[in-house]
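These numbers come from the heavy atoms of this one structure, side chains and all, not from hydrogens, waters or symmetry mates.
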Amino acid sequence: MSTNVLICDDSNLARKQVLRSLPDNLSINAQLAKDGQEALDILRNQHIDILFLDLTMPIIDGLGVLKALKDESINVPVFVISADIQPEMQSRVLELGAKAFLRKPIELDTLNEHLRNHGFL
């Protein structure tokens, strides 16, 4: 059974890096979104098992996506991946429902630990 993964980041390089970081033993069907609006369009129309979300993006940023998910009761585990490591931002995304805050560049051990903790591995 495949895991439907959505990777949302305005950087094509960052999207590919996250995709390459996913464990080989996780069978995935990956989709990519370049901004929050594109991610929300996908999430409103398709079942997604995991959302990897950047914070700083055009059109709708990561916080806007988290707020929309909460407001629209779209239940998807969100792993925020960001270079903004300020404790206030980390607290804010967790308050908005993110399951984890991962620092860019993504560390494979940390990613695997979070995937394991949330039942994906």
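- With rounding to the nearest 0.5 Å, the separation of CG in L66 from CD1 in I74 is 11.5 Å.
- Minimum interatomic distance between A39 and A33 (heavy atoms only, all atoms of both residues): N-CB, 3.7 Å.
- Each ring pair (Phe, Tyr, Trp, His ring centres under 6.0 Å) pair with one or both residues in residues 21-47, not counting sequence neighbours, would appear here, but there are none.
- Other residues, nucleotides and ligands place more than 12 heavy atoms under 6.0 Å from the CG atom of N45.
- Between F120 and P23 the shortest side-chain heavy-atom distance does not fall below 4.5 Å.
- One finds the CD atom of E38 at 8.5 Å from the CD1 atom of I59 (value rounded to the nearest 0.5 Å).
- Listed by first then second residue, pairs satisfying salt bridge (charged side-chain N to carboxylate O under 4.0 Å, His left out) with a partner in residues 91-104 read D9-K104, D54-K104, not counting sequence neighbours.
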Would L6 and L43 count as a side-chain contact (heavy atoms from CB on, under 4.5 Å) here? Give the steps. CA-CA 9 Å; L6 176 57; L43 289 159; 3.9 Å; yes
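- Atom CE of residue M57 and atom CD of residue Q37 lie 10.5 Å apart, to the nearest 0.5 angstrom.
- In this view, E107 and T110 satisfy the side-chain contact (heavy atoms from CB on, under 4.5 Å) rule, not counting sequence neighbours.
- Evaluation of the side chain to side chain donor-acceptor pair (under 3.5 Å) rule for N4 yields N29 as partners, not counting sequence neighbours.
- Under the ring pair (Phe, Tyr, Trp, His ring centres under 6.0 Å) criterion, F79 pairs with F52, H118, sequence neighbours left out.
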Residues V5, Q31; criterion side-chain contact (heavy atoms from CB on, under 4.5 Å); working and verdict: CA-CA 6 Å; V5 174; Q31 294 192 60; over 6 Å; no
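- L19 and L115 end up in the same hydrophobic cluster when Ile, Leu, Val, Met, Phe, Trp and Tyr side chains are linked at under 4.5 Å.
- Atoms CG and CG, from L26 and N112 in turn, are 9.0 Å apart once rounded to the nearest 0.5 Å.
- In this structure, L96 CG and D71 CG are separated by 9.5 Å, a value rounded to the nearest 0.5 Å.
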Could you go through L94 and V80, starting from their C-alpha distance and side-chain angles, then the distance that decides it, and tell me whether this counts as side-chain contact (heavy atoms from CB on, under 4.5 Å)? CA-CA 9 Å; L94 295 173; V80 169; over 6 Å; no
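- To the nearest 0.5 angstrom, L111 atom CG is 9.5 Å from R116 atom CZ.
- Taking 4.5 Å as the limit, every side-chain heavy atom of V76 sits out of range of all side-chain heavy atoms of I50.
- The stretch residues 56-68 participates, sequence neighbours left out, in no salt bridge (charged side-chain N to carboxylate O under 4.0 Å, His left out) pair at all.
- L51 has its side chain within reach of V65: a pair of non-hydrogen atoms, C-beta onward, lies under 4.5 Å apart.
- Between L53 and I81, the closest side-chain pair of non-hydrogen atoms is not below 4.5 Å.
- Considering only heavy atoms from C-beta on, S2 stays 4.5 Å or farther from I28 through its side chain.
- D10 places a side-chain heavy atom less than 4.5 Å from the side chain of P58.
- For the pair N12/K16, a side-chain contact is recorded, criterion being any heavy-atom separation below 4.5 Å from C-beta on.
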